[in-house]
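Atoms considered below: every heavy atom in the structure, side chains included; atoms not considered: hydrogens, waters and symmetry mates.
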Amino acid sequence: MPATKEVKCESADCELDMFENHYTYDVPENHSVDDLRCPYCGGRDLSVIEV
């Protein structure tokens with residue numbers, strides 16, 4: 001099963017508390033949360049939530 005990561009936007013101005021990012025089997029091995037943007041505010045201050 002492809003990986004899923006729960007991500008939090010750390011921007012103080014953002015209203016989004018978290019989102020899930022679902023990957024396919026074809027995602028490059030060097031892809032990380034640093035490559036993503038918040039789907040709400042467009043910011044890059046993101047962190048992975050460990051569950």
Side-chain angles (χ1 to χ4, degrees):
M1 175 167 269
T4 300
K5 289 185 181 174
E6 294 185 8
V7 182
K8 177 180 180 181
C9 182
E10 300 288 350
S11 173
D13 297 330
C14 186
E15 298 293 327
L16 185 69
D17 60 348
M18 67 166 278
F19 64 95
E20 289 184 351
N21 200 48
H22 300 266
Y23 294 95
T24 68
Y25 290 106
D26 296 329
V27 69
E29 287 185 33
N30 63 349
H31 178 76
S32 72
V33 81
D34 293 333
D35 299 315
L36 303 175
R37 287 185 173 264
C38 175
Y40 185 82
C41 73
R44 290 194 176 266
D45 189 14
L46 305 174
S47 62
V48 175
I49 299 171
E50 300 293 331
V51 290

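Between M18 and I49, the closest side-chain pair of non-hydrogen atoms falls below 4.5 Å.
Annotation: the span from Y40 atom OH to D17 atom CG amounts to 11.5 Å, rounded to 0.5 Å. Atom SG in C14 sits 10.5 Å away from atom NZ in K8 (nearest 0.5 Å). Of the inter-residue distances, the one linking S47 atom OG with E10 atom CD reads 3.5 Å to the nearest 0.5 angstrom. Rounding to the nearest 0.5 Å places CG of L36 at 5.0 Å from CG of N21. With values rounded to the nearest 0.5 angstrom, S32 atom OG is found 10.0 Å from L46 atom CG. The SG atom of C41 sits 8.0 Å away from atom CG of L16, with the distance rounded to the nearest 0.5 Å.
Between the side chains of H31 and E29, no donor-acceptor pair is found at a separation under 3.5 Å.
For D34 against R44, the heavy-atom pair with the smallest separation is O-NH1, 3.4 Å. The two residues P39 and F19 make their nearest non-hydrogen contact at CD-CE2, 3.5 Å.
Although no hydrogens or angles enter the test, the distance criterion places no donor-acceptor pair under 3.5 Å between the side chain of R37 and the main chain of G43.
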task: Tell me, with the steps shown, if K5 and V33 meet side chain to side chain contact (heavy atoms under 4.5 Å, CB included).
output: CA-CA 9 Å; K5 289 185 181 174; V33 81; 5.5 Å; no

